[in-house]
There are 2 protein chains.
Amino acid sequence: MKSFIAKVYITLRSGILDVQGKAIEHALHSLDFEMINNVRIGKYITLNIEAQNDGQAKVFVENACKELLSNPIIEDFNIEIIEND
Amino acid sequence: MKSFIAKVYITLRSGILDVQGKAIEHALHSLDFEMINNVRIGKYITLNIEAQNDGQAKVFVENACKELLSNPIIEDFNIEIIEND
């Protein structure tokens with residue numbers, strides 16, 4: 001068994017209105033950050049995982065995303081696996 | 001003026017208890033993902049920004065992080081700037 005770090009990026013699918021992002025965008029504009037637009041808020045999850053190899057680690061994390069971490073109807077996820085020395 | 005995309009990663013500082021991460025870790029264990037540990041939940045923000053160059057874009061986004069996007073007492077942030085073709 002090896003130890004890996006997984007970085008998971010969960011984003012709202014394009015086409016899904018990001019209400020929280022819009023609110024933050026308005027707040028930024030009122031603070032004179034008018035040069036900033038199209039703010040979208042996602043989740044950045046890091047975790048440690050034990051697996052035989054990086055391929056197996058990725059499959060475990062994909063399953064965790066599908067079953068719990070993301071809402072596949074409105075969200076996409078991306079996974080990076082890094083060996084933990 | 002050029003257009004850039006910024007990716008902002010906001011994480012709880014190490015040493016700060018991640019209550020949401022702990023809750024998700026327990027839920028994962030009860031779903032038979034015992035190989036996953038040390039779950040930490042951060043934010044992944046993407047935005048578009050107009051600036052003269054990537055250095056100026058980064059300064060704008062750093063200021064937005066300090067003033068609104070992050071809580072500097074308990075959170076760290078990392079910024080990636082990508083030219084938007």
Side-chain angles (χ1 to χ4, degrees), chain A residues 1-12 14 18 20-52 56-70 75-81 84, chain B residues 1-12 14 18 20-52 56-70 75-81 84:
Chain A
M1 281 297 196
K2 284 184 188 170
S3 177
F4 298 90
I5 293 171
K7 298 181 177 185
V8 182
Y9 307 89
I10 296 175
T11 49
L12 270 185
S14 61
D18 187 335
Q20 195 188 358
K22 279 282 162 226
I24 287 178
E25 194 174 314
H26 284 296
L28 284 169
H29 290 179
S30 72
L31 289 169
D32 288 331
F33 291 101
E34 289 96 352
M35 72 297 272
I36 292 176
N37 283 293
N38 195 24
V39 179
R40 293 184 75 82
I41 313 288
K43 275 181 222 144
Y44 172 54
I45 302 175
T46 59
L47 53 86
N48 292 359
I49 179 160
E50 301 285 317
Q52 304 283 357
Q56 192 191 41
K58 190 160 186 180
V59 169
F60 285 152
V61 178
E62 273 172 2
N63 289 337
C65 282
K66 288 177 193 160
E67 289 184 39
L68 185 80
L69 299 176
S70 80
E75 291 173 329
D76 289 318
F77 58 84
N78 263 293
I79 299 165
E80 252 178 77
I81 302 284
N84 193 4
Chain B
M1 281 295 197
K2 284 185 188 169
S3 177
F4 298 90
I5 293 171
K7 298 180 178 186
V8 182
Y9 307 89
I10 296 175
T11 49
L12 271 185
S14 61
D18 187 336
Q20 196 189 358
K22 278 282 162 225
I24 287 177
E25 193 174 315
H26 284 295
L28 285 169
H29 290 179
S30 71
L31 289 169
D32 288 332
F33 291 100
E34 288 96 351
M35 72 296 271
I36 292 176
N37 283 293
N38 195 24
V39 178
R40 293 184 76 84
I41 313 288
K43 275 181 223 144
Y44 172 53
I45 302 175
T46 59
L47 53 86
N48 292 359
I49 179 160
E50 301 285 317
Q52 305 283 358
Q56 192 191 40
K58 189 160 187 180
V59 169
F60 285 152
V61 178
E62 273 172 3
N63 289 338
C65 282
K66 287 177 193 159
E67 290 184 38
L68 184 79
L69 299 176
S70 82
E75 291 172 330
D76 289 318
F77 59 84
N78 263 294
I79 299 165
E80 252 177 77
I81 303 283
N84 193 4

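In what follows, chains are A, B, ... by sequence order, proteins preceding strands, each numbered from 1. Just so you know, these numbers use all the heavy atoms, side chains as well, and skip hydrogens, waters and symmetry mates.
- Only the side chain of A/Leu68 comes within contact range of chain B, judged by heavy atoms closer than 4.5 Å.
- Of the two parts of A/Phe60, the backbone and the side chain both hold a non-hydrogen atom closer than 4.5 Å to a non-hydrogen atom of chain B.
- Only the side chain of A/Leu69 comes within contact range of chain B, with heavy atoms under 4.5 Å apart.
- For the options B/Val8, B/Ile45, B/Ile49, B/Thr46, heavy-atom pairs under 4.5 Å to chain A are most numerous at B/Thr46.
- The ring-ring contact (aromatic ring centres under 6.0 Å, His included) search around B/Tyr44 returns A/Tyr9, B/Tyr9, not counting sequence neighbours.
- For residues 28-49 of chain A, no pair satisfies salt bridge (Lys or Arg N to Asp or Glu O under 4.0 Å), with sequence neighbours left out.
- Taking B/Glu50 as the reference, nothing meets the side-chain hydrogen bond (donor to acceptor under 3.5 Å, both in side chains) condition, with sequence neighbours excluded.
- If you tally non-hydrogen atom pairs under 4.5 Å between each of A/Thr11, A/Asp18, A/Asn38 and chain B, the highest count goes to A/Asn38.
- Using a 4.5 Å heavy-atom cut-off against chain A, the contacting residues of residues 22-30 of chain B are B/Ile24, B/Ala27, B/Leu28.
- Looking at A/Asn63, the atoms closer than 4.5 Å to chain B (heavy atoms on both sides) sit in the backbone and in the side chain alike.
- Ranked by heavy-atom pairs under 4.5 Å with chain B, the first of A/Leu31, A/Asn48, A/Val61 is A/Asn48.
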